[in-house]
Amino acid sequence: MTSTVHRTCPLCEAVCGLTLTLDDGGHVTSVRGDKEDPFSRGFICPKGASLGRLDEDPDRLSKPLIREGELWREVTWDEAFAAVRRGLGEVTERHGRQSVGVYLGNPNVHNMAGQLYGTPLLKSLGTRQIFSASTADQMPKHVASGLMFGHPLAVPVPDLDRTDYLLMLGANPLESNGSLCTAPDFPGRLKALRARGGKLVVVDPRRTRTAGMADEHVFVRPGTDAYLLFGIVHTIFAEELASVRHEVNGLAEVREAAKHFPPDVVSRRTGVPAEVIVRLARELAAARTAAVYARIGTCTAEFGTLAQWLVDVLNVITGNLDRPGGVMFAKPATEFGVARRPYTVGRWKSRVRQLPEANGELPVATLADEIETPGEGQVRFLLTIAGNPVLSAPNGDRLDAAFGRLDFMVSVDPYLNETTRHAHVILPPPRVLTAGHYDFALLNFAVRNYARYSPPSLPLDGQPSEAQILARLTMIASGLDGDLDEFVIGQMLRKAVDLPGSGVHGRDVTELRAELDGQSGAELRLDLMLKLGPYGEWAGKGDLSLRKLLDNPHGLDLGPLQPRLEEVLRTASGVIELAPPQLIEDVERLRGKLEEEPPEIVLIGRRHLRSNNSWMHNLGPLVGGTNTCTLQIHPADVARLGLGGEAVVRSAKGELRVPLEPTDTIMPGVVSLPHGWGHAGSAQTVAAEHAGVSVNTLTDESAIDVPSGNAVFNGVPVTILPTGVITAH
Ligand SMILES: Nc1nc2c(c(=O)[nH]1)N[C@H]1C(S)=C(S)[C@@H](COP(=O)(O)OP(=O)(O)OC[C@H]3O[C@@H](n4cnc5c(=O)[nH]c(N)nc54)[C@H](O)[C@@H]3O)O[C@H]1N2
Ligand SMILES: Nc1nc2c(c(=O)[nH]1)N[C@H]1C(S)=C(S)[C@@H](COP(=O)(O)OP(=O)(O)OC[C@H]3O[C@@H](n4cnc5c(=O)[nH]c(N)nc54)[C@H](O)[C@@H]3O)O[C@H]1N2
Ligand code: SF4
Ligand SMILES: [Mo]
């Protein structure tokens, strides 16, 4: 007997619907794209197709581990939690709560446990030493959106299905399947854009597969997108092409700032011909509708926040913000009105380097400083949840050493890997298929309004769910007893009944609680959020609830994006802040480097379709072939530097020996190495055989994007040497 289940794929931001066949023993026998999903319409990629293998990977941990010296011992859950309680208790008694650090990795964004239980856990720990993959990723976008629109999640996405013109910088959705732009079958949507006569322009130091399918590819020197974007803004003002449709503050300041960046001047810095910059400006302004979209290549860069800001400056001054075909704000089903309060960054600073807080966290680029530097608030206890910072953070080697010096470390992770090997206790979540799935975060950035819930496909079989693991950690940290979910539900309900205009204003909390459905705390909380949300049965504008999503297992289309700037804006002024003082100040830093001579060779990253950051190299069918860790380099550079099949890459921080992949798809003077590799000696047996090297041996934790504290991975100065001349370093 086999059974069929429908689930959302949790492996990237595209949220594809999948249809899985399971045999009697709960083994996955096939994975297909769910044709009836109204959003993904049957699309699937090689990673999604491997979900069954991933879930049953023999190297996944099924029991908690405790480390004693070099030895790992499988223990019961009670033993494991008792060890965490002891470890945490000893460190906090002696050194206080600020000696506790937390690192949250990327998969937290892709599972309900991380979304629902992360915040209560952080609160119960009571520490400001909070770090996450966000400061190695998209923090510049949050800071730019927070300052311009008043909320860090007010991120407009390109209206992919309707736009006439898409200018895309530093993104390669044909490999990544998209980011901060939730669009299953991104490649198909781009094809459709071109088929309806639209134009796609891709700006990237490499001619990627996405660039290959575009109408135009523009090579740009790494780390210089802010100059390029300013050049476009400059032209739009200079040629009187601006058409602002919203009330904004700061238009004159932006126009003033842009005067310093005329196309012929930024051309020297960016490598983009001045006439191309001028033409792009004219095309953007003339298009019936247009969208500017920029992703990781422009975020993890020296001027990441300025680039993200200028993207939306362009969307505003070309009249494309918040209109069909332009860039728009999604309306997720679990959204619940938040009070208007001005967004700020830097409410506190990191202890050692005085780097600003953003969104309640500190830059991962300073985590090693906080562990290594003695004094009050030194991190001595570290909790990592779904993260592998040894491979993913800048100068991961330094973190690797720092983790070895911690008094106590706990990791919630299914694998024993480069990071978790330092833990004293590893708490593994059970199989993915035992968890329910709802994309609280990613549907904020969807190109269509949509909701889909996948209930658990398999029973838990005695193990705690990841939600239960995090809830138990919260109880340990808070010293409280009781039901965390009921506590959170009570709090949310009280807030809702007190909020004028909430749809349940003035109603009775006990009565409302009795109306909630769900088989678990997570489901009850989802039901509450759906009912209170904009399509919810309590908000009075719809009938959405957990029940309705369970009755529609392929997901519900909630329609194309609608203009909604008024609902989204949370600035103190009530209008768009086009020239936030912090950013105008950072423009001085940008100006300061305008005439700087670029390094001879710089390093950038890249992603592979069959890879997922650092943690999917353990699946045989996905590794090998084009999915290997090679240094892309232009043949002219190979010849000029006299290189053979391998070379030594050296940066200010480290040195690697890497196989070369000569290709004319990369600019001369630029080399590219993918991240997430470097598994030599790993307990992940397949990954260890395809080890590669970690690019983050070379990246520099002292280089950050100033306004957001984000790590800089693109544009790292390196030298490349033939393998024969290795010297001590
Ligand atoms: N298959 C796969 N999918 C993934 C992931 C994965 O590892 N594998 N990771 C997921 C995650 S965590 C994220 S955040 C997203 C990221 O999604 P994307 O942002 O689409 O990421 P990439 O595919 O790395 O594309 C970034 C592009 O930026 C270019 N680039 C580098 N430096 C610069 C620069 O200075 N300027 C410009 N204009 N371009 C530059 C690179 O050459 C590269 O082509 O992908 C997600 N999806
Ligand atoms: N040089 C360079 N470095 C980069 C980047 C780059 O482009 N260049 N990209 C950056 C980006 S965008 C990101 S998002 C970060 C990612 O940085 P991280 O989030 O630190 O790293 P991942 O490789 O995603 O590691 C995910 C971890 O979560 C575990 N895991 C997987 N699923 C689950 C789950 O359901 N529950 C739990 N508890 N654990 C799970 C995996 O075993 C793995 O240990 O890397 C960043 N680092
Ligand atoms: S594109 Fe992303 S969500 Fe879709 S199947 Fe592939 S990994 Fe899963
Ligand atoms: Mo990411």
Side-chain angles (χ1 to χ4, degrees), residues 8-16 18 33 40 43-49 51 60 103-111 113-114 132-134 136-138 168-180 184-186 202-206 208 210-211 218 220-225 228 294-301 307 364 384-394 396 411-415 417-420 427-429 432 435 466 469 602 604-616 666 670 672-676 684 694-696 698-699 711 713-716:
T8 302
C9 178
L11 298 176
C12 88
E13 298 180 39
V15 306
C16 300
L18 302 180
S40 63
F43 183 80
I44 186 170
C45 84
K47 282 196 295 181
L51 183 62
R60 276 181 84 102
Y103 175 83
L104 302 173
N106 167 278
N108 281 300
V109 179
H110 298 264
N111 70 45
S132 88
S134 294
D137 188 345
Q138 82 290 1
M168 183 188 300
L169 307 96
N172 186 10
L174 264 72
E175 307 280 355
S176 70
N177 284 301
S179 182
L180 289 189
D185 193 13
F186 210 125
V202 172
V203 178
D204 198 303
R206 299 185 305 123
T208 59
T210 309
V218 177
V220 69
R221 208 168 273 148
T224 67
D225 297 85
L228 170 64
R295 216 18 212 115
I296 199 94
T298 65
C299 268
T300 52
V364 69
T384 71
I385 306 173
N388 192 4
V390 166
L391 295 189
S392 59
S411 292
V412 181
D413 202 290
Y415 284 112
N417 64 17
E418 298 76 12
T419 293
T420 62
L427 305 168
V432 175
E466 182 152 14
I469 295 172
V602 291
I604 62 171
R606 71 177 186 273
R607 278 173 171 73
H608 295 157
L609 180 62
R610 290 181 292 126
S611 211
N612 198 6
N613 298 326
S614 75
W615 68 280
M616 282 184 68
I666 194 161
V670 182
S672 161
L673 196 60
H675 72 285
Q684 293 179 287
S694 175
V695 68
N696 286 322
L698 301 171
T699 54
F713 295 131
N714 292 316
V716 179

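As the structure is a prediction and not an experimental result, all values here were calculated from the model. Whatever order the structure lists ligands and atoms in, that order sets their numbers, starting from 1.
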- [ ] I would like to know whether Asp413 and Thr420 meet side chain to side chain donor-acceptor pair (under 3.5 Å); could you show each step before the answer?
- [x] CA-CA 8 Å; Asp413 202 290; Thr420 62; 5.3 Å; no
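- Residue Pro222 has no N or O atom closer than 3.5 Å to an N or O atom of ligand 1.
- Looking only at protein heavy atoms, the nearest one to atom 27 (C) of ligand 1 is Asp204 OD2, 3.4 Å.
- Between the choices Asn172, Thr208, Leu169, Asp225, the shortest heavy-atom distance to atom 38 (N) of ligand 1 belongs to Asp225.
- Atom numbering of ligand 3 starts at 1 in the shown order; those under 4.0 Å from a heavy atom of Leu11 are 7 (S).
- At a 4.0 Å cut-off, at least one heavy atom of Lys47 sits close enough to ligand 1 to count as contact.
- Residue side and main chain included, Cys12 places an N/O/S atom under 2.8 Å of atom 2 (Fe) of ligand 3.
- At under 3.5 Å, not a single nitrogen or oxygen of Asp137, backbone or side chain, sits near a nitrogen or oxygen of ligand 1.
- If you look at Asn612 next to ligand 3, there are no close heavy atoms at all, none under 4.0 Å.
- Ligand 1 has no N or O atom lying under 3.5 Å from any N or O atom of Ser179, backbone or side chain.
- Counting heavy atoms under 4.0 Å from ligand 1, residue Asn177 does not touch it at all.
- At a heavy-atom cutoff of 4.0 Å, ligand 1 is contacted by the side chain of Val220 but not by its backbone.
- Here the shortest heavy-atom distance to atom 33 (C) of ligand 1, taken over Ser611, Cys12, Ser392, Gly297, belongs to Gly297.
- Distances between N or O atoms of Asn106 and those of ligand 2 include at least one value under 3.5 Å.
- Of all the atoms in ligand 1, the ones that sit under 4.0 Å from a non-hydrogen atom of Ile604 are 31 (C), 32 (N), 42 (O).
- In Asn714, the part holding a heavy atom less than 4.0 Å from any atom of ligand 1 is the side chain.
- Residue contacts with ligand 1: Ala301 is excluded, as none of its non-hydrogen atoms falls under 4.0 Å.
- Contact atoms of ligand 3 toward Lys47: 7 (S) (distance under 4.0 Å to a heavy atom of the residue).
- Of all the atoms in ligand 1, the ones that sit under 4.0 Å from a non-hydrogen atom of Arg295 are 14 (S), 19 (O).
- Atom 1 (N) of ligand 2 has as its closest protein heavy atom Asn696 OD1, 2.9 Å.
- Comparing Ser411, Gly105, Pro389, Pro107 against atom 26 (C) of ligand 2, the shortest heavy-atom distance belongs to Pro107.
- Not one N or O of Gly178 is nearer than 3.5 Å to an N or O of ligand 1, by distance alone.
- Distance from atom 10 (C) of ligand 2 to its nearest protein heavy atom, with residue and atom name: Ala136 O, 3.2 Å.
- Distances between N or O atoms of Val412 and those of ligand 2 include at least one value under 3.5 Å.
- Atoms of ligand 3 found under 4.0 Å from any heavy atom of Asn177 (numbered from 1 in listed order, with element): 1 (S).
- Between Asn417 and ligand 2, a contact under 3.5 Å exists for at least one N or O pair.
- On a distance-only criterion, Glu175 and ligand 1 share at least one N/O pair closer than 3.5 Å.
- In summary, the atoms of ligand 1 found under 4.0 Å from a heavy atom of Gly223, numbered by their order in the structure, are 34 (C), 35 (O).
- Counting only non-hydrogen atoms, the option in Ala294, Ser176, Pro205, Pro674 that gets closest to atom 17 (O) of ligand 1 is Ser176.
- For atom 4 (Fe) of ligand 3, the set of nearby N, O or S atoms under 2.8 Å includes none belonging to Cys9.
- With a 4.0 Å heavy-atom cut-off, ligand 2 is reached by the side chain of Arg607 but not by its N, CA, C or O.
- Atoms of ligand 3 found under 4.0 Å from any heavy atom of Val15 (numbered from 1 in listed order, with element): 3 (S).
- In this structure, His110 does not count as a contact residue of ligand 2, since none of its heavy atoms falls inside 4.0 Å of the ligand.
- The nearest heavy-atom contact from the protein to atom 12 (S) of ligand 1 is Asn613 ND2, 3.1 Å.
- When only interatomic distances are considered, the shortest N/O to N/O separation between Asn388 and ligand 2 falls below 3.5 Å.
- For ligand 2, none of its N or O atoms has an N or O atom of Asn612 under 3.5 Å away.
- Taking distance alone, with nitrogen or oxygen atoms compared against 3.5 Å, His608 approaches ligand 1 more closely than that limit.
- Of the N or O atoms in Thr224, none lie within a sub-3.5 Å distance of an N or O in ligand 1.
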